Amino acid sequence: MNKKPTPRKKSKTPTSAKLTAKDIQRQLKRLEEQVYYVVYERPFRGVDTRFFLDVSESTFRLSAWPCATLFKKERLARFVAREYSALRQRRLYVAPVTIRVSGNPGGGRN
C-alpha cells in the first residue's frame, strides 16, 4: 500500500527568492505605516482630555494611548465602541492611529 504524497498548495505570497524590488518596497511601506484604531471617551466638554479603552482590563486610561487596545479593522473598533457605549451610557469615539516603525528593529542593539 503505497500512499501518494498530497500535493502542496501554492501560496499567494511570493517567496523571498522571487521578490522583486517593487514587492519589497510595498511590504516595507506597509510595515512602516500601519494604521490601527483606538476607542476613546471624552468625558468633559470643552476640555481636550481623552480616556482610552483597554479591553483586556475593561478600563479607560487617561491620555495613555500606547496602553490602549489597538484594533486593526475600523469596523471592529466601531462595534466595540457601540457595545461599550450601551453599557456605559456614554458616547465613545474611534480614532485612527498611525504607528511608524523606525530605528533598529533589533531592540536598540547596534
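Nothing here was measured: the structure is a model prediction, and the numbers come from that model.
Atom-to-atom distance recorded for Phe44:CZ and Arg42:CZ is 11.5 Å, nearest 0.5 angstrom.
Contact check for Phe71 versus Val80: side-chain heavy atoms found under the 4.5 Å cut-off. At least one side-chain heavy atom of Glu41 sits less than 4.5 Å from a side-chain heavy atom of Arg90. Contact of the Val38 side chain with the Leu70 side chain is registered, since non-hydrogen atoms from C-beta on lie closer than 4.5 Å.
For the pair Lys73 and Tyr37, the tightest heavy-atom approach, listed with the atom from each and the gap, is C-CD1, 3.8 Å. Contact between Val39 and Ala77 at its shortest, heavy atoms only, is CG2-O, 3.6 Å.
Close placement of the Tyr93 and Tyr40 rings is indicated, their centers lying within 6.0 Å of each other.
Ser85 places no side-chain N or O within donor-acceptor distance of the main-chain N or O of Arg91, the cut-off being under 3.5 Å. In terms of modelled atom types and a separation under 3.5 Å, the side chain of Thr69 and the main chain of Val55 share a donor-acceptor contact.
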